[in-house]
Amino acid sequence: VSGVSILINLVNQLSETKLKYNILFAFWDAEEIGRYGSKYYLSRTCDNILFYINLDTCGSSSAYKLGFLYDGEHPETVHLLDDLDTYNIFQVNEYAPTSYTTDCEFFKQYNLPFVSISPMTLPQYMHKGSDTPDIINYKRLYQINTIIHQMLMSL
């Protein structure tokens, strides 16, 4: 839900902005059980995708370091951070899937550049009854929103 709130805010911020590229805001379904939403979308169309930004559990408490994970086959995506003050909240690493993967997996298979913003370790409360609004780090959501907005404006 934290990623959805960022996307909704970005839509509002960019709604009257003239950008060089069209931006598609998409919400995928069934990530945890096979990433079926992103897989289906990419199987139908992957033309004209400049890059993909994945937001996953980015409103988690500050006890969990966030990662800005980039595709090692497209290291130019890291340059999107060059002029941004992001390193104080992000750990920047090359995406290397282990037992837990994200929707980035299919973008990687289609050789499409991506970045993913997510916790470096999975929060203990994820997908449990203890995952409640009182643990959301609103300052972090604001920072991420600002960073993504700046990234999109720099394209």
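For OH of Tyr142, the number of neighbouring non-hydrogen atoms (other residues, nucleotides, ligands) closer than 6.0 Å is 12 at most.
For the pair Ile147/Ile117, no side-chain contact is recorded, criterion being any heavy-atom separation below 4.5 Å from C-beta on. When side chains are defined from C-beta on, Ile148 does not count as touching Leu7, because their heavy atoms never get closer than 4.5 Å. The shortest side-chain heavy-atom distance between Leu24 and Tyr41 falls under the 4.5 Å cut-off. Within the 4.5 Å cutoff, the side chain of Gln109 has no heavy atoms near those of the Leu42 side chain.
Judged purely by distance below 3.5 Å, without hydrogens or angles, the side chains of Asn9 and His149 never pair a donor atom with an acceptor atom.
Residues passing the side-chain hydrogen bond (donor to acceptor under 3.5 Å, both in side chains) test with Asn12, sequence neighbours excluded: none. Here Tyr138 pairs with nothing under the ring pair (Phe, Tyr, Trp, His ring centres under 6.0 Å) rule; sequence neighbours left out. Under the rule for a side-chain hydrogen bond (donor to acceptor under 3.5 Å, both in side chains), the partners of Gln13 that lie at least two apart in sequence or sit in another chain are Asn145.
The cluster map of Ile, Leu, Val, Met, Phe, Trp and Tyr, joined by side-chain heavy atoms under 4.5 Å apart, puts Tyr40 and Ile49 in different clusters. When the side chains of ILVMFWY residues are joined at heavy-atom separations under 4.5 Å, either directly or via intervening members, Val11 and Leu141 end up in a single hydrophobic cluster. Under the 4.5 Å side-chain contact rule for hydrophobic residues, Ile136 and Val4 share a cluster.
For Tyr110 against Ser43, the heavy-atom pair with the smallest separation is OH-CA, 3.5 Å. Closest heavy-atom contact between Asn111 and Glu73: OD1-OE1, 3.4 Å.
Note that the NZ atom of Lys139 and the CD1 atom of Ile144 stand 12.5 Å from one another [nearest 0.5 Å]. To the nearest 0.5 Å, the span separating NZ on Lys108 from OG on Ser116 amounts to 12.0 Å. Taken from OG1 in Thr146 to CG in Leu10, the straight-line distance is 9.0 Å, to the nearest 0.5 Å. Taken to the nearest 0.5 Å, the CG atom of Leu14 stands 5.0 Å off from the CD1 atom of Ile23.
Separation of the Phe114 and Phe107 ring centroids does not fall under the 6.0 Å cut-off.
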